[in-house]
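Both backbone and side-chain heavy atoms feed into the values below; hydrogens, waters and symmetry mates do not. By convention in this document, chain letters (A, B, ...) are assigned in the order of the sequence lines, proteins followed by strands, and residues within each chain are numbered from 1.
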There are 4 protein chains.
Amino acid sequence: MTHKIAILGASGYTGAELVRLIATHPSMEIVALSGDRKAGMAMADVYPHLRHMDLPALCKIEDIDFANVDLAFCALPHATSQAVIKELPATTKVVDLSADFRLRDPAEYEKWYGKPHSAVELQKEAVYGLTEFYRDQIKTARLVAGTGCNAATGQFILRPLIGAGVIDLDQIILDLKVAVSGAGRALKEHLLFGELEDNSFGYSVGGKHRHLGEFDQEFSLVAGRDVRIQFTPHLIPATRGILATAYVQGEASAVHYALADAYMNEPFIKVLPLGQVPAMKHVRGSNFCHIGVVEDRIQGRTIVVGVIDNLTKGSSGQAIQNANLMLGLDETAGLMNAPMYP
Amino acid sequence: MTHKIAILGASGYTGAELVRLIATHPSMEIVALSGDRKAGMAMADVYPHLRHMDLPALCKIEDIDFANVDLAFCALPHATSQAVIKELPATTKVVDLSADFRLRDPAEYEKWYGKPHSAVELQKEAVYGLTEFYRDQIKTARLVAGTGCNAATGQFILRPLIGAGVIDLDQIILDLKVAVSGAGRALKEHLLFGELEDNSFGYSVGGKHRHLGEFDQEFSLVAGRDVRIQFTPHLIPATRGILATAYVQGEASAVHYALADAYMNEPFIKVLPLGQVPAMKHVRGSNFCHIGVVEDRIQGRTIVVGVIDNLTKGSSGQAIQNANLMLGLDETAGLMNAPMYP
Amino acid sequence: MTHKIAILGASGYTGAELVRLIATHPSMEIVALSGDRKAGMAMADVYPHLRHMDLPALCKIEDIDFANVDLAFCALPHATSQAVIKELPATTKVVDLSADFRLRDPAEYEKWYGKPHSAVELQKEAVYGLTEFYRDQIKTARLVAGTGCNAATGQFILRPLIGAGVIDLDQIILDLKVAVSGAGRALKEHLLFGELEDNSFGYSVGGKHRHLGEFDQEFSLVAGRDVRIQFTPHLIPATRGILATAYVQGEASAVHYALADAYMNEPFIKVLPLGQVPAMKHVRGSNFCHIGVVEDRIQGRTIVVGVIDNLTKGSSGQAIQNANLMLGLDETAGLMNAPMYP
Amino acid sequence: MTHKIAILGASGYTGAELVRLIATHPSMEIVALSGDRKAGMAMADVYPHLRHMDLPALCKIEDIDFANVDLAFCALPHATSQAVIKELPATTKVVDLSADFRLRDPAEYEKWYGKPHSAVELQKEAVYGLTEFYRDQIKTARLVAGTGCNAATGQFILRPLIGAGVIDLDQIILDLKVAVSGAGRALKEHLLFGELEDNSFGYSVGGKHRHLGEFDQEFSLVAGRDVRIQFTPHLIPATRGILATAYVQGEASAVHYALADAYMNEPFIKVLPLGQVPAMKHVRGSNFCHIGVVEDRIQGRTIVVGVIDNLTKGSSGQAIQNANLMLGLDETAGLMNAPMYP
């Protein structure tokens, strides 16, 4: 059986990535693509790499007949997303890729995103989309909130450690090396090739990055107490990928065991042998996450490194993984393509 | 039905690309991977991006039981390839990715590759693997010789023009912009990141590139007379892709028509509307080829631009396309994954 | 003696490159920097790499006291440039880096730039700034028009050949590989890192690039007859540099001799031994131009390859070279810094 | 007065960088260049970007007449360096760029570099070449040991903090983002363009990097007690530059003050206003170091970010800065060229 899919906000990178993945998905069919400013254009004119596909033209959201849609991926900017989703028919399942439904507490949303939430009811209903940890709730959810890409990476490496109680909760430092596509196709000076080649810099330094809202919420939930980590992302001259280096205080063997145990049966998360670290490109273009653990020379300190592709496991691949569960499909359907290397 | 596949020379980039593509191929199963110098190693230790796959360890070729192999991809260096293939049982179908069986005339082989051919009988039997032009012969072949990646790109844009007689055969200039993975994983100074970033240079300039042997053979065959083109490849700081710019003398409309007509029903080759040109990244990681035609301001001159991914359509994807035909499978099986962009 | 310098339009890449070069120039002092939209800002806030320099803040052009300025570099957009320059006092020497005074024929200007010229008198007076060929006129000029960066590269390799009559004037093809900084700091989608990495594409294909106006003017002048070349630039994923590949019909030895002879005493132009080709990065960040000549396998065909840094020899370095002459300084003053490699 | 300079080991990146910088140095003249395996070759054949310079050919060290050499830069591999330097005449001043004389304790040398030191007497005499902190001793030294590039970066940001007692000495974490040229021109698989593009990975993770020997020595010396930091470098797809992110426990204002105070009169080290961070490319190709300090959201935690160019301030520029002092020249001679941006 083929499920009918709409992608709202298909003209951004996460929209294009959804189309790329659905292209070879065995049970999904794209029936509508919205892109308000580009309504009327062929998708191949916005993304010529999709030229070979037979896709509907971009349209306005109001022109989509949702009676004909089983599930909508919503790849719109935050704030826009909540306004759109609250108007969708209740029969349409929704995977939202924006930040709008990640934070359960409206005050936290307002704190990090700078304005009140306009769909508080939906916010309550939404399930946080970190599949490996919310699998059962996602299966029956109507609305799933995809995680931030940085937030996903950090949680994959830290969440089991917090849950297992093997690290000091007050001494967690997370340093990210982030490729540029996470910022989308926006026209910003620091995203220009000439600016970023041979360059790197921290951003939102000092605990200002919005994904901290997710870390605070989730880590505190797991720990049963307030947890605040230090988190600094750095842009590097790469297009896809996030490499997260976590500095934790705890025994390496216990840290490694907690991760290996947590992910033993996970199809997409691979824990390397103790002492090995993964590289960002080892998961490029795929839905996989690789995690490595190394003991520091200082007794009781451990480094944990995790890598994902921000557009796939960090966003659109995760979204399809969740959609698979919501539609009763095999969780891995359409997602087992191998990383592209070199 | 699943066909049993061996990959000889799996530790190079084309070997890894074959594994990547077969990972989601519906009817192929990898039963053996050879890598003489790395025999005994797990594939995931050579290519950690394949960590999630359940693959046989690398072995020596002599340890493979070919009775259990339906088709072998041979991704060995040239010269080695001919020595290995002539020892394989006649019941094993072979797609060779090296240069060893591309040139039908042993004298031409010796001229371009510097030593006599040691498997002349096989050379006669081998079918040239440019699928779109040798489809029927490939279906019944036992041994198919994959084309050079530059040779494939040049032929996709020029072959129909020579066939249709719409360009001056004595004034063909082909200028290529080539990504670095075509050179393989070899340790050469000019392939280092620090050397190639912010760099570009021509190589084999002046008509010294070995793929000219293929152009000479194929274009002369199509034209029914000797054809010699000018061909200069340039390395650019990119990992995957070839962009070919052909300068031809002929009317743009006739050139465009000849291409559009030739590829009208081809699943992998897309001709853009007259006046548009493709970009290298529009086919990255995929088996597609995009072609554009533009009229020059000088009357009677036309520019034709074609792009492929050198590792996919230029090598391993093409090899699987040919293997599909040889095994009676759908030609596109396992190859419809969309390009990875951005 | 120190000459007082103003840079109009200092907030663009060519403005910043002028400042970089003047930082170690023995006889120039920057007294004014304009940047209309950024007036009031410190240069270090626009370009933090200049933080160590003691520079005037950005101001509006009308706030500059030109009585105190010996020479103004005008790095403004075309059209703006002519409007500004015609208001400058006649005592201020001007090196213009825009396209406004490159074309002597107002009709040609209008053809390529789409509107009538508004300073036709100045256009007549302006000297074309290709130093090596207009040296004597530049020495006494009040207004020098810097060349296009692509136009400079093409002329360095072709001009002596046309002058010496060693190539067929009707069969000249010029294929450029161009780094992205030539497009400036403009916010355009195709200049984003994520779009350009692992990418390449032709632009202004078919003889539509504006620098053709310069080629037509200069090559026809040298030849004493109309000359029209084919010219196709391609963007590559690099920040600085132009690599030009010219396909000409003429004997390689004569071609090589014409170039070696023309540039024998030039401090910035180096002709390689016959058969060798230069790489783009060999001149990065410098005012040098390297040229190589290779004989093609086809009798009577020759490939000529030239490289420059578009921001230095192609723009700001050339501008300083011209200013040196106009101010009676040594032509190489401040310009002998070696290329940055790797 | 011009000083006569020999560069031993001129065929590596630091050797080439020395030549680049000396090209415009007002008081240094290169009289000898050694490169054992390339003896007899012209420097322009090893590094064509130096083609415009009039340089001696590469020779063997034993063919250099050191009576004619005022100062030798020794850019040889470690272990080789000590063997060569102990044979040089005592009248030749030496700046060593290898690791051989950085560690004062022979046992530490053996621990980190795996074999006993063979020139222990010289090791005692050598001055550690971190100019800003050893200036007076360098002025009168005969042998100066250039620091590691990572070690320099870390010390620039941490040393004043340890000295001022404003941070917790047991909670220092240093996370580096390192460009590839630090690894030299060596042919290693992970340095290939195709491997590193779109990639990033930690190396020597867990406190295994040799530059820790320098940190341990210097930080303990400054603190007057044993200090052990956590230090993890990560390779990123860039050619030049190091970006160091230090996570420290101490008040941001005190941290900022300590740095601003320490470097107030330093010509090459620039401390940004509190709250701002530098970017790697802001110092590319130059001898500058930019440092930024940001307060974390967690009370009492501070992030310090520093950037240098590993080949310039991290190696060859630092070496010239030291040589300037040793030769009685202005410390900044030949080093005030502005960074190359973009």
Checklist entry - Is there a side-chain hydrogen bond (donor to acceptor under 3.5 Å, both in side chains) between A:H25 and A:N324 once you walk through the steps? => result CA-CA 10 Å; A:H25 194 290; A:N324 283 341; 2.8 Å; yes

Next on the checklist: Using heavy-atom distances under 4.5 Å, tell me whether B:L21 contacts chain A through its side chain, its backbone, both, or neither.
Outcome noted: neither

Checklist outcome for this item: Counting heavy-atom pairs under 4.5 angstrom with chain B, the leader among A:P48, A:A44, A:P267 is A:P48

Item to check | A:P273: side-chain contact (heavy atoms from CB on, under 4.5 Å) partners, not counting sequence neighbours | outcome: A:Q276, B:R51

Next on the checklist: Is a donor from one side chain sitting under 3.5 angstrom from an acceptor on the other, for A:N287 and A:Q318?
Outcome noted: no

Checklist outcome for this item: Heavy-atom closest pair (B:A186 atom, B:L191 atom, distance to 0.1 Å) is O-CD1, 3.6 Å

Checklist entry - Where along residues 333-342 of chain B does a heavy atom come under 4.5 Å of chain A, listed by residue number? => result B:M336, B:N337, B:A338, B:P339, B:M340, B:Y341, B:P342

Item to check | Parallel, tilted or perpendicular: rings of B:H282 and B:H290 (30°, 60°) | outcome: tilted

Checklist entry - Side chains of B:D309 and B:S286: donor-acceptor distance under 3.5 Å anywhere? => result no

Item to check | Part of A:R240 within contact of chain B (heavy atom distance under 4.5 Å) | outcome: side chain

Item to check | Residue B:F268 versus chain A: region with a heavy atom under 4.5 Å | outcome: neither

Checklist outcome for this item: The single option from A:E132, A:E17, A:E266 that satisfies salt bridge (charged side-chain N to carboxylate O under 4.0 Å, His left out) with A:K313 is A:E132

Checklist entry - Taking the side chain from B:S315 and the backbone from B:N310, do they hold a donor-acceptor pair closer than 3.5 Å? => result no

